[in-house]
Amino acid sequence: MGVGPGDHEGLEIRRRVVGRCAGGREVDQASLRSARAGELRASDAGTDVKLAGWVATRRDHGGVVFIDLRDASGRIQAVINPEENPAVGTVADVLRDEYCIALSGLVRKRPEGTINPDLPTGEVEVAVTELRVLSPSEPLPFQIDDRADVDEGRRLEFRYLDLRRPRMAANLVARSRAIAAMRTAMVDQGFLEVETPTLVKSTPEGARDVLVPSRLRQGSFYALPQSPQLFKQLLMVGGVERYYQIARCYRDEDFRADRQIEFTQLDIEGAFWGREDVFAALEPAVAAVARALRGIEIPAPFPRLTWAESMARFGTDKPDLRFGMELVELSDVFAGSGFRAFADVLAAGGLVAGIDAGRRDLSRSALDALVERARDLGARGLVWIVVEDDGTLRSPIAKFLGDEEQAALVSAMQASPGDLLLIVGDRPKVTRLVLGALRLDLGRPEGHDELRFLWVTDFPVFAVGDDGSLSPEHHPFTAPYDITEMRDHPAEALSRAYDLVLNGVELGSGSERIHDPRVQKEVFDVLGISDREAESRFGWFMRALRYGTPPHAGFAVGVDRLVMILQNEPNIREVMPFPKTQSGYDPMTNSPSAVDELQLVELGIDLRPDVREALATDSPDG
RNA sequence: GGGGGUGUGGUGAAGCCUGGAGUUCACGCCGGCCUGUCAAGCCGGAGGUCGCGGGUUCAAAUCCCGUCAUCCCCGCCA
């Protein structure tokens, strides 16, 4: 079978035959429709139209049948009168939900008193003169409806039906508009869209790589890119100057509401750039998406916070600015406290801080639950204090606090009568983490009606592990502010890295990059990566830096997360056409799945005996 | 890796705490009636190994243990 004009003709003939079988007469695919269902208005009354779509609902009154026809544009009521047109009535009898149908008819204004104000097309209806089933539907596994809260596994198994639901259809449209807005914004600024490979070298630095075995080089593996990071930097070396890409990225880590194994980023990079150039390029793109999806103007420039300030005031590097309840440092208040736990913490270099949760009127068990939550988050404990209406403090530790100390506390927290104060004393990292989480538990608004973007700047170069080990806070190609400082005080050194945060969600991150191979080597040194290891993993990249690399900077924005928030969805899967479950499973295709022995042989792969055995006995229930 | 929630006809829920006949509600499905509905209405009907396995008990959807799936959180995610 060759490819040529003959094959196209064959395809056409098959299509026509299928059409003839389905409708009992030849179906001319090109002229199935002369109008779109959701666009008909009173001004169209009197015109003959051809429509095609799906049966959304069928209301059979015996003497008159109503069919709500849905296509991608919306829905319209079609009216069938079996007495006037028995042939059409016969077809209408067999129609069921989600049959794919085509019809012809006359658009007319609805009779007095039957207008449906809830429908954009509610002033008109189509009097059907011809009706044809293009494709029947079996009874559905769930109803095509936004009202029912269908089990998500079921939705994913029949995702193609799920996508017919108005909410999902709207999310697909929103996603498409978001990406279109981004492309337009980038093109308008003179960016070049460049594709980078999806089969790349494995450089397991942060997340686990998704690996792809090579057939031609058995025993070797590609990785799917965690991001186009190094390739886009090479594009800067390559003189592209302004790069962008809607890039698919892969990270093999555990799933969360806002994390999938594969996801999409708006990836950008610019030569001769610093931070301000990045922000200036990105703000219009993000604002364009908000305009496209919400019809609102986001004030630019976005506000900024340094990482240190964000941690101190909100206990996190991705603060939700939509509400207050900021952390208050109480070290001065409790420096010589009668409450030994706090005094000891402070003496050991710890941090005591609190939040004012406002009037809560919580029961004792609810307060205990907060203490339990704090412990789950890693705190040794949590002190709650209720400011009574008479100004006295009710708390398990009230008796350890002197009058002066109590007054200083109320003053420092700016507490009002009735307020619930939550206080943690621990290592600074733990205190902030716990209070930051409690702040969200107690104050975070439902949904995302309000949008508060911000840049968080000046991240540390390295994150210090509990064992004192260093790892890159951003990634190892991020430029530090000061190389000497980085070498001498790596735990404190700041980098030219920044995050974009929206309503407490990290939308993306970027940085000014290292363009000097000597600096890059210094970073690897501090990280304890030997010359030999650096050469084998990143030698190809460091070599490129030696050929006149321009200073450059860039950023990547998580498209799924941005659309999720703008669409007010609780998780990323609602804005992905075909997502996977938390265990990386696709219930529709039953993927991942075992492969033929022959495929493995060709790849030079043999499964471990225990894995083989587990596969053989694997027969999951439910 | 750890903690928590959920699993009941095709769908969504109630029943579980406090064991006593697969019981109930809504939607869907099948059949019938019906000329203005729009989540149509009315009448009738079918449909379930209560995720799976084990235990306790005279008796388990219900209590206990294990396991699987799924969702949320912690860890993890440069």
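Lettering of chains follows the sequences in order, A, B, ..., and the numbering in each one begins at 1.
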Tell me if the side-chain of A:E253 makes a donor-acceptor pair with the base of B:G75, cut-off 3.5 Å, by modelled atom types. no
Whole-angstrom distance between B:G3 and B:A59, as gauged at atom C1': 35 Å
B:C50 to B:G12 separation - C1' atoms, rounded to the nearest Å: 16 Å
Taking B:C16 as the reference, what is the distance to B:U24 when you measure between their C1' atoms (whole Å, please)? 15 Å
Check every strand shown and say whether A:E125 touches a base, only sugar-phosphate, or nothing at a heavy-atom separation below 4.0 Å. base
Do A:D97 and B:G28 have a side chain to base donor-acceptor pair shorter than 3.5 Å? no
A:T114 vs B:C38: side-chain N/O to OP1/OP2 distance below 4.0 Å: no
Rounded P spacing from B:U35 to B:C71 in Å: 49 Å
Between A:H61 and B:A40, do the rings stack, that is, sit under 5.5 Å apart with planes less than 30° off each other? yes
Using OP1 and OP2 only, check whether a side-chain N or O of A:T581 sits under 4.0 Å from B:U70. yes
Please state whether the phosphate of B:C74, meaning OP1 or OP2, lies under 4.0 angstrom from any side-chain nitrogen or oxygen of A:R256. yes
It should be established whether A:Q582 places a side-chain nitrogen or oxygen under 4.0 Å from OP1 or OP2 of nucleotide B:C72. yes
Could you work out the separation of B:G51 and B:C68 based on their C1' atoms and round it to a whole Å? 8 Å
Pick base, sugar-phosphate or nothing for A:D60, based on heavy-atom distances below 4.0 Å to the nucleic acid. base
With both distances kept under 3.5 Å, what pairs with B:U35, Watson-Crick or G-U wobble? none
Under a 3.5 Å limit on both distances, the Watson-Crick or wobble mate of B:A40 is none
A:R513 near the nucleic acid: base, sugar-phosphate alone, or nothing, with a heavy-atom cut-off under 4.0 Å? nothing
Please check the phosphate of B:U70 (OP1 and OP2 only) for any side-chain N or O of A:S583 closer than 4.0 Å. yes
With centres under 5.5 Å and planes under 30° as the test, does A:F142 stack with B:U11? no
Could you identify the nucleotide paired to B:G12, looking across every strand shown and requiring Watson-Crick or G-U wobble geometry with both distances under 3.5 Å? B:C25
Pairwise P distance for B:G4 and B:A40, with rounding to whole Å: 43 Å
So for A:R259 and B:C77, does any side-chain atom that can act as donor or acceptor lie under 3.5 Å from a complementary atom in the base? yes
Pairwise distance CH2(A:W455) to CG(A:L507) - rounded to 0.5 angstrom: 9.0 Å
Gap between atom CD1 of A:I268 and atom NZ of A:K232 - 0.5 Å precision: 7.0 Å
Pairing partner (Watson-Crick or G-U wobble, both distances under 3.5 angstrom) of B:C63: B:G55
Whole-angstrom distance between B:C33 and B:U70, as gauged at atom C1': 43 Å
OP1 or OP2 of B:A40 versus the side-chain N and O atoms of A:R59: is any pair under 4.0 Å? yes
Whether A:R208 contacts B:C77 is assessed here as follows: a side-chain N or O lying under 4.0 Å from the phosphate OP1 or OP2. Is that the case? no
